[in-house]
Amino acid sequence: MIKISFPDQSVREYPEGVSGLDIAQSLSHQLAKEVLAITVNNQLMDVTRPITTDASVKLHKWDDVEGKYAFWHSSAHLMAEALQALYPGMKFGIGPAIENGFYYDVDPGDGVVMKETDLAAVEAKMLELARQKNSFTRKDISKADALAYFQTKNDGYKLELINDLEDGTITLYEQGSFTDLCRGPHLPGTEPIKAVKLLSIAGAYWRGDEKRKQLTRIYGISFPKQKMLDEYLVLLEEAKKRDHRKIGKELELFTFSSSVGQGLPLWLPKGAALRGRLEDFLKKIQRQYDYEQVITPHIGQKELYVTSGHYAKYGKDSFQPINTPAEGEEFLLKPMNCPHHCEIYKFKPRSYKDLPIRYAEFGTVYRYEQSGELHGLTRVRGFTQDDAHIFCRPDQLKDEFKKVIDIVLYIFKTLDFANFTTQVSLRDPLNQEKYIGSEENWIKAESAIIEACEEKGLETIVETGEAAFYGPKLDFMVKDALGRKWQLGTIQVDYNLPERFELEYVGADNQKHRPVMIHRAPFGSMERFVAVLIEHTAGKFPLWLTPEQCVVLPISEKFNDYAEKVLKLLNNSDIRAVIDDRNEKIGKKIRDNELKRIPYLLIVGEKEMENGEISVRKQGDGDKGSMTVNSFVELINQEVATLLGEV
RNA sequence: GCCGUUGUAGCUCAGAGGUAGAGCACUUCCUUGGUAAGGAAGAGGUCAUGGGUUCAAUUCCCAUCAACGGCUCCA
């Protein structure tokens with residue numbers, strides 16, 4: 001007998017070789033039907049695998065990510081089986097479970113192109129195969145046997161994967177007529193897969209390498225119940241309604257024009273006003289932290305970027321240099337603000353007493369992003385960074401870094417961004433030629449970031465190979481409505497540019513020293529930040545940011561004059577108010593202005609005019625009763641102060 | 001940049017080898033109303049652009065441009 005302990009600390013005895021399924025069965029019949037995977041001593045396994053020693057276990061049902069993972073991973077294999085049946089000769093790359101569903105990268109063979117319209121047939125085949133209730137069978141074989149097997153199938157992709165594995169036992173999983181190289185775990189069988197939706201088809205480079213063949217990636221999702229799939233699809237539709245591109249159009253915040261150019265956003269008046277308010281908000285914080293605003297031009301001599309290293313790294317894939325009538329003169333549309341700020345630093349000799357110097361600028365930069373990368377406001381070719389560069393002494397570095405973390409966290413908190421991750425982006429030690437600067441400087445820079453994060457108690461994810469070419473960074477990542485991850489705030493430590501620009505200060509020892517630079521942008525870019533803000537709020541912006549805080553709605557044309565008077569009073573009190581004096585009934589005006597997401601609707605009719613009041617209706621919250629304009633102004637000011645944490 | 005999809009009125013979308021339609025928005029008129037859609041009339045489109053096939057193309061084919069879903073990239 002072996003001892004099996006459970007998450008609730010209870011311990012039970014089972015015969016040696018008992019499986020997760022047996023254990024589930026011993027606990028309850030229902031559990032046995034629902035269990036999808038098992039963790040045995042921290043290792044995720046098939047529920048059918050025998051357990052041979054004392055172990056602590058956790059059984060996973062659909063509610064656990066581990067359960068879903070096994071379910072979707074098995075679904076990927078099921079899809080492969082269906083594809084194999086429908087497309088003889090198809091080769092298979094990799095097919096993992098992902099956060100929402102699964103995919104498989106396949107090679108349908110030369111000249112065979114899979115289209116979106118082919119997916120329905122694959123779905124049908126999957127369900128047909130699932131109903132055969134085949135089991136997933138695990139097989140341990142030697143590497144040589146595995147190679148021999150996939151040799152017979154002539155699947156070069158699997159052969160490559162196996163060749164990269166260490167020598168020893170290799171596991172295959174088989175269900176129905178499909179056998180795959182796989183670590184597992186899988187469901188006991190295909191039967192629980194009751195609902196399948198193949199969502200999209202896309203090209204994906206083999207092993208993520210754009211120099212290698214592009215395979216066909218099919219994304220799908222599956223569920224144990226049709227109803228769950230239906231609900232998921234509704235949820236997807238709902239998420240699409242939050243898309244900033246859609247809301248940006250509806251609320252007249254921004255647009256694009258192919259006449260102006262791809263990826264070059266045009267901010268409409270309301271969007272520009274909202275963005276301006278965000279900028280003012282940050283400027284105010286920066287004043288408190290002793291930043292100084294600077295302004296630099298949109299272009300700079302090419303040499304400036306040769307010096308910084310940007311030209312060597314990005315020059316040939318960028319907007320090309322601007323030539324002038326003068327022979328040999330070349331300017332670059334600036335892709336970065338830092339070189340300009342370095343030149344400001346060099347304007348005069350600096351003393352150690354002057355540091356840190358913090359130069360901030362809402363600097364508009366231009367980068368020729370690949371056309372396929374452009375995406376609404378989140379990835380554009382012309383955008384404004386809420387940039388600043390801190391020039392400090394090495395002994396000030398960590399403190400300065402921590403202060404920037406404070407700024408970013410304050411901004412995220414004020415704007416109610418709760419779901420962000422903090423990522424420490426380090427260089428890839430195996431790929432050193434991507435970076436400039438000395439080993440010593442990189443070690444100093446990376447440890448400064450890691451220590452600052454530790455001292456701030458930030459829970460960070462470390463990603464190697466994600467550093468900028470001149471230094472490591474701390475990135476604040478946020479997801480959009482459809483779960484795509486975007487980098488917003490970023491803080492970077494840089495020993496390299498000060499060297500390249502020969503920045504100096506005179507120390508207490510009367511010797512020349514080199515400052516350290518921190519590059520930082522709490523929003524990242526105004527464009528991307530506003531995009532994510534739109535998706536997070538679904539366009540219902542906080543009162544202090546929203547383009548129009550209230551709208552005055554006269555009940556009929558008889559009250560238009562009074563409404564105008566109210567409007568003037570509000571505007572005089574710095575409340576952003578508009579009037580809707582269209583010849584429409586009040587119900588219509590309420591509906592239209594609710595859809596425009598205006599926070600307060602102010603209804604005025606005979607009653608209000610007599611009492612010198614307004615009836616206040618809060619967006620999404622109905623009638624709040626009537627009050628004087630002065631009390632309403634007070635209410636708004638109070639609410640804004642609360643949102644900004646000023647009370 | 002690569003793979004796939006899409007492109008019809010300001011917006012959301014129908015449609016078909018014989019040169020266009022709806023709803024909303026817009027304009028005018030009627031209505032003057034009390035908390036999420038009052039009524040009527042009108043105006044609005046080289047059917048993304050350029051070629052080709054055809055008696056005839058917005059519809060079929062090719063190319064280009066742009067948008068969308070991914071991959072790669074992201075200073």
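Being a predicted model, the structure only gives us computed values, none of them experimental. In what follows, every chain begins at residue 1, and chains take the letters A, B, ... in the order their sequences are listed.
- Taking every side-chain heavy atom of A:Q214 into account, B:C71 is the closest of B:C71, B:C30, B:A36.
- When the side-chain nitrogen and oxygen atoms of A:R367 are compared with OP1 and OP2 of B:C73, none of them lie within a distance under 4.0 Å.
- No donor-acceptor contact under 3.5 Å links the side chain of A:E116 to the base of B:U5.
- Residue A:K213 is out of contact with every strand shown, counting any heavy-atom pair closer than 4.0 Å.
- Regarding contacts with the backbone of B:C73, every side-chain N or O of A:R379 stays at 4.0 angstrom or more from both OP1 and OP2.
- Comparing the same atom, P, in B:A9 and in B:G44 gives a spacing of 15 Å after rounding to whole Å.
- Considering only side-chain N and O atoms, A:K607 lies nowhere under 4.0 angstrom from the phosphate OP1 or OP2 of B:U35.
- Distance from the side chain of A:I555 is smallest to B:G33 among B:G33, B:C11, B:A75.
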Kindly give the atom pairs (protein nitrogen or oxygen, nucleotide nitrogen or oxygen) under 3.5 Å for nucleotides 62-66 of chain B.
from  : atom 1 : to     : atom 2 : distance (Å)
B:A66 : OP1    : A:Q262 : OE1    : 3.0

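- Using a 4.0 Å heavy-atom cutoff across all strands shown, A:F256 reaches no nucleic acid atom at all.
- Put simply, the side chain of A:E210 and the base of B:C2 share no donor and acceptor less than 3.5 Å apart.
- Look at A:K588 and you won't find any side-chain N or O under 4.0 angstrom from OP1 or OP2 of B:U35.
- For B:G1, the base has no donor-acceptor partner in the side chain of A:Y368 [N/O atoms by modelled type, under 3.5 angstrom].
- Of the candidates B:C2, B:U35, B:U32, the closest approach to any side-chain atom of A:S556 belongs to B:U32.
- Between A:F476 and A:F420, the angle of the ring planes lies from 30° to 60°, which puts this pair in the tilted group.
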Discussion item. As a quick check of understanding, evaluate side-chain contact (heavy atoms from CB on, under 4.5 Å) for A:N431 and A:T464, giving each step before the final call.
Written reply: CA-CA 10 Å; A:N431 207 350; A:T464 52; over 6 Å; no
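- Applying the 3.5 Å distance criterion, the base of B:C2 shares no donor-acceptor pair with the side chain of A:R212.
- Taking atom CE of A:M609 as the reference point, atom P of B:G33 lies 12 Å away to the nearest angstrom.
- The separation of B:A14 from B:U6, taken at their C1' atoms, amounts to 16 Å, rounded to a whole angstrom.
- Each of B:A36, B:C2, B:A75 was ranked by its minimum atom distance to the side chain of A:Y314; first place goes to B:A75.
- Among the protein residues, A:G587 comes within range of the sugar-phosphate backbone only, with heavy atoms under 4.0 Å from sugar or phosphate atoms but none that close to a base.
- Ion pairing between a basic and an acidic side chain is recognised when a charged N comes within 4.0 Å of a carboxylate O; A:D475 and A:K473 show such pairing.
- Taking the six-membered ring where the residue is Trp, A:H340 and A:Y305 present tilted rings, their angle falling between 30° and 60°.
- Atom CG of A:L236 and atom P of B:G70 are 10 Å apart (whole Å).
- When each of A:M477, A:Q423, A:E466 is tested with A:Q487 by the rule side chain to side chain contact (heavy atoms under 4.5 Å, CB included), just one qualifies, namely A:M477.
- The shortest side-chain heavy-atom distance between A:Q262 and A:S371 falls under the 4.5 Å cut-off.
- Distance A:Y205 OH to B:C73 C1': 10 Å, rounded to the nearest Å.
- On a pure distance criterion of 3.5 Å, a polar donor-acceptor pair joins the side chain of A:E608 and the base of B:G34.
- Between A:H389 and A:Y345, the distance separating the two ring centers is not shorter than 6.0 angstrom.
- A:E584 places its CD atom 11 Å from the C1' atom of B:U31, with the value rounded to the nearest Å.
- Along RNA chain B, the nucleotide nearest to A:S615 and the one nearest to A:Q370 differ in position, and the one closer to the 5' end is contacted by A:Q370.
- Side-chain proximity of A:R528 to B:C74, B:G38, B:A75: nearest is B:C74.
- Nearest nucleotide to the A:R591 side chain, out of B:G33, B:A75, B:A37: B:A37.
- Between A:I603 atom CD1 and B:G33 atom C1' there is a gap of 13 Å when expressed in whole angstrom units.
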Worksheet item: After noting the C-alpha distance and the side-chain angles of A:R207 and A:L161, does the key distance pass the side-chain contact (heavy atoms from CB on, under 4.5 Å) rule?
Response: CA-CA 10 Å; A:R207 308 197 94 177; A:L161 292 173; 3.5 Å; yes
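- B:U35 atom C1' lies 16 Å from atom OH of A:Y600, rounded to whole Å.
- In this structure, the side chains of A:M336 and A:Y470 come closer than 4.5 Å at one or more pairs of heavy atoms.
- Secondary structure note: stems in RNA chain B built from 3 or more consecutive Watson-Crick or G-U wobble pairs under 3.5 Å occupy B:1-7 with B:65-71, B:10-13 with B:21-24, B:26-30 with B:38-42, B:48-52 with B:60-64.
- Stacking is not found between A:Y219 and the pyrimidine-like six-membered ring of the B:G70 base under the 5.5 Å centre-distance and 30° plane-angle cut-offs.
- Nucleic acid contact class of A:A202 (heavy atoms, under 4.0 Å, all strands): base.
- At least one side-chain nitrogen or oxygen of A:K558 sits closer than 4.0 Å to the OP1 or OP2 atom of B:G33.
- For the pair A:L374 CG and B:A67 P, the computed distance is 6 Å after rounding to whole Å.
- Taking the P atom of each, B:U19 and B:C26 are spaced 33 Å apart, rounded to whole Å.
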Worksheet entry | Intermediate values then yes/no, side-chain contact (heavy atoms from CB on, under 4.5 Å), A:F632 and A:E613 | CA-CA 9 Å; A:F632 177 70; A:E613 292 188 329; over 6 Å; no
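- A:Q487 comes within 4.0 angstrom of no nucleic acid atom, judged by non-hydrogen atoms across all strands.
- Distances shorter than 4.0 Å separate some side-chain N or O of A:K115 from OP1 or OP2 on B:U5.
- Spacing between atom NZ of A:K249 and atom P of B:A9 amounts to 11 Å, rounded to whole angstrom units.
- A sub-4.0 Å separation between OP1 or OP2 of B:G70 and a side-chain N or O of A:H375 is absent.
- Comparing the P positions of B:A57 and B:G51 gives an interatomic distance of 13 Å, to the nearest angstrom.
- For an aromatic pair to be called close, the ring centres must be under 6.0 Å apart, and A:F417 with A:F529 satisfies this.
- A donor N or O paired with an acceptor N or O is found under 3.5 Å between the base of B:A36 and the side-chain atoms of A:R617.
- Residues A:L332 and A:H310 form no side-chain contact, since every pair of their non-hydrogen atoms from C-beta on lies 4.5 Å or further apart.
- Between A:Q492 and A:T490, the side chains place a donor N or O and an acceptor N or O closer than 3.5 Å (distance only, hydrogens not considered).
- Under 3.5 Å, the side chain of A:R245 and the base of B:C68 form no donor-acceptor pair of N or O atoms.
- Residues A:Q492 and A:L595 both approach RNA chain B. Their nearest nucleotides, taken by heavy-atom distance, put A:L595 toward the 5′ side.
- In this structure, the nucleotide among B:G38, B:C71, B:G33 sitting nearest to the side chain of A:N583 is B:G33.
- Within the cation-pi definition used here (under 6.0 Å to the ring centroid, within 45° of the axis), A:R381 qualifies as a partner of A:Y368.
- Going from the C1' atom of B:G45 to that of B:U59 covers 16 Å, rounded to whole Å.
- Between B:G21 and B:C65, the two P atoms lie 33 Å apart (nearest whole Å).
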